[in-house]
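This report refers to the structure that appears directly beneath it.
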Amino acid sequence: SQVKRSPMLRYGVAVLVVALAATLTSLIPQLNTRSPFSLFFAGIILISVYSGFGEALLAIALSALTGAYLFLPPLYTFRVGTDGALRLSTFILLTLLIDFLAHKIKRAEMSVRVSEQQLSTTLMSIGDGVIATDLEERITFMNSVAQSLTGWTLEDARGRKLEEVFKIINERTQLKVENPAARVLREGVVVGLANHTILLAKDGRAVPIDDSGAPIRDGRGNVNGVVLVFRDVSEIKQADEKIRFQAHLLDVVEQAMIATDMDGRVTYWNQFAEKLYGWSAEEAIGRNVIEVTPSTEMRGQASEIMSQLTAGKSWSGDFLAHHRNGNVFPIRVNNSPVYDDK
């Protein structure tokens, strides 16, 4: 990698390399007479690779002047002959080409490093766990969330097989679940884990997760790895269990419990409502509440009731309701608005 130094030091090193090449060439007769620019070539390649474009240009200019003066006949003059001019021009053209190519390669490498750094920073900052593997299912990257959930650091996990770090089992059967990376590599498609999947962390924690895996493709569309994205769903599972428990409590209440959206469509219909009106929950949910709880009085006051609820006010009243089979019975209706977290 390119070491950042002060401009004066970088250009000073370029001058020093040229001076060293000239000194060694003077001390080696074979180079002096046959290939006077060989060591200058080597020095300029080093400067082009490990320093900058401008420093290499300075080295090329100094090398051309030094070689022409010290090693091309007639010596100690810049009036080189035809053969010397050909050697000198060839040296300048080749070294300029080397410097240009080295500069382009370094810029491309820098662009790739910047892109990789931006991608790594982005993946590190997202809220889901991310693991990337190569074609042999060996881990190449883990973001901070993945490290936290698995209990493995990136340094410890890099190069290990995915199934060693990302151990998953079925919550109900406790049996091992096929690693999604294997299926992604086998089928070349995006896959997801089934419900009730548990991640066994390195420290022994059992973390419920959901997960998806996708192939990593190169510019030609060839698969060269897998990326897994997963997250801890413990809070979601707890919320679902709480909702199921509350729904069970509402089902055993000896009163019809009905919930609707703001357009009056049924979203919840408990078991007692099924008995009271004769409509099953599957039939009632999605229908307008007036349709499945028929009452002439309620139909006439439906707009007023919804206006009261929209304004955040509770409402109650007595009506004659109709069972699906035609029976008529008196009911008392108590309506209350439901608020979200906001």
Do Phe141 and Arg158 have side-chain heavy atoms sitting under 4.5 Å apart?
-> no
Say whether, by atom type as modelled, one donor and one acceptor occur between the side chain of Asp263 and the main chain of Arg265 under 3.5 angstrom.
-> no
Do we see a donor-acceptor contact under 3.5 Å between the side chains of Ser144 and Gln147?
-> no
Evaluate the side-chain proximity of Val292 to Trp269: yes if any heavy-atom separation is below 4.5 Å, no if none is.
-> yes
Side chains of residues 59-81: which donor-acceptor partners sit under 3.5 Å, not counting sequence neighbours?
from  : atom 1 : to    : atom 2 : distance (Å)
Ser63 : OG     : Ala59 : O      : 2.7
Thr66 : OG1    : Leu62 : O      : 2.7
Thr77 : OG1    : Arg79 : N      : 3.2

Tell me, do Arg231 and Asp210 make a side-chain contact under 4.5 Å, heavy atoms counted?
-> yes
Ile131 versus Ala146, closest heavy-atom pair with distance = CG1-CB, 3.8 Å
If you take all heavy atoms of Val223 and Leu135, which pair is closest and at what distance?
-> O-CD2, 3.3 Å
Any donor and acceptor pair, going by atom type alone, linking the side chain of Glu187 with main-chain N or O of Val184 inside 3.5 Å?
-> no
Answer with yes or no whether the hydrophobic clustering places Leu16 together with Ile44; edges join I, L, V, M, F, W, Y residues whose side-chain heavy atoms lie under 4.5 Å apart.
-> no
Answer yes or no: is there a side-chain heavy-atom contact under 4.5 Å between Ile209 and Ile168?
-> yes
Please examine the side chains of Phe91 and Thr95, heavy atoms only from C-beta on, and report whether any two atoms are closer than 4.5 Å.
-> yes
Applying the 4.5 Å side-chain criterion to the ILVMFWY set and letting contacts propagate, would Leu96 and Ile105 be lumped into a single cluster?
-> no
Verify the neighbour count for atom CZ of Arg172: are there more than 12 heavy atoms of other residues, nucleotides or ligands below 6.0 Å?
-> no
Would you check if Tyr268 and Met257 make a side-chain contact, meaning some heavy-atom pair closer than 4.5 Å?
-> yes
Could you go through the side-chain contact (heavy atoms from CB on, under 4.5 Å) check for Gln255 and Arg332 one step at a time?
-> CA-CA 11 Å; Gln255 288 184 339; Arg332 170 171 285 274; over 6 Å; no
Should Leu228 and Val130 count as side-chain neighbours, where that means a heavy-atom distance under 4.5 Å?
-> no
Does the side chain of Ser48 come within less than 4.5 Å of Glu55's, by heavy atoms?
-> no
Could you tell me whether the side chain of Asn270 and the main chain of Ala273 form a donor-acceptor pair under 3.5 Å?
-> yes
If you measure from the Lys or Arg side-chain nitrogens to the Asp or Glu carboxylate oxygens, is any gap between Glu136 and Lys161 under 4.0 Å?
-> no
Test Asn170 against Ile198 for side-chain contact (heavy atoms from CB on, under 4.5 Å), laying out the working first.
-> CA-CA 6 Å; Asn170 183 279; Ile198 297 295; over 6 Å; no
Out of curiosity, Leu24 CG to Leu20 CG, how far, rounded to the nearest 0.5 Å?
-> 4.5 Å
Does the distance from a Lys or Arg side-chain N to an Asp or Glu carboxylate O, for Arg324 and Glu274, drop under 4.0 Å?
-> no
Between CD1 of Ile216 and CG of Asn224, what distance do you get to the nearest 0.5 Å?
-> 6.5 Å
d(Asp83 CG, Leu88 CG) to nearest 0.5 Å is 11.0 Å
Would you sort out whether Phe100 and Phe53 count as a ring pair (Phe, Tyr, Trp, His ring centres under 6.0 Å), showing the intermediate values?
-> CA-CA 7 Å; Phe100 175 75; Phe53 186 70; 7.4 Å; no
Calculate, to the nearest 0.5 Å, the distance between atoms CE and OG belonging to Met142 and Ser148 respectively.
-> 9.5 Å
State whether the side chain of Asp203 and the backbone N or O of Gly151 hold a donor-acceptor pair below 3.5 Å, judged by distance alone.
-> no
Note: Ile258 and Tyr277 closest approach over all heavy atoms is CD1-CE1, 4.2 Å
When every non-hydrogen atom of Arg160 is compared with those of Glu164, the smallest separation belongs to NH1-OE2, 2.6 Å
Under 6.0 Å from the CZ atom of Phe329, do we count more than 12 heavy atoms belonging to anything else shown?
-> yes
Closest non-hydrogen atom pair between Leu86 and Ser89, with its separation | O-OG, 3.0 Å
Give a yes or no on whether the backbone of Ala56 and the side-chain of Asp99 come within a donor-acceptor separation of less than 3.5 Å.
-> no
Report yes or no: does Asp261 contribute a side-chain atom to a donor-acceptor pair with the main-chain N or O of Gly286 at less than 3.5 Å?
-> no
In this structure, OH of Tyr11 is separated from CD1 of Ile47 (nearest 0.5 Å) by 11.0 Å
State whether the side chain of Arg287 and the backbone N or O of Glu283 hold a donor-acceptor pair below 3.5 Å, judged by distance alone.
-> yes
Crowding at NZ, Lys202 (>12 non-hydrogen neighbours, <6.0 Å) | yes
Criterion side chain to side chain contact (heavy atoms under 4.5 Å, CB included) against Ile139, the qualifying member of Asp134, Asp156, Leu162, Thr150 = Leu162
Atom OG1 of Thr133 and atom CZ of Phe166: how far apart are they, to the nearest 0.5 Å?
-> 11.5 Å
Given side-chain contact (heavy atoms from CB on, under 4.5 Å), test Thr197 with Ile169 step by step and report yes or no.
-> CA-CA 6 Å; Thr197 300; Ile169 61 173; over 6 Å; no
Would you confirm whether Thr140, through its side chain, and Ala132, through its main-chain N or O, come within 3.5 Å as a donor-acceptor pair?
-> yes
Applying salt bridge (charged side-chain N to carboxylate O under 4.0 Å, His left out), run through Glu178 and Arg186 and close with a yes or a no.
-> CA-CA 12 Å; Glu178 181 188 20; Arg186 185 172 62 247; 3.0 Å; yes
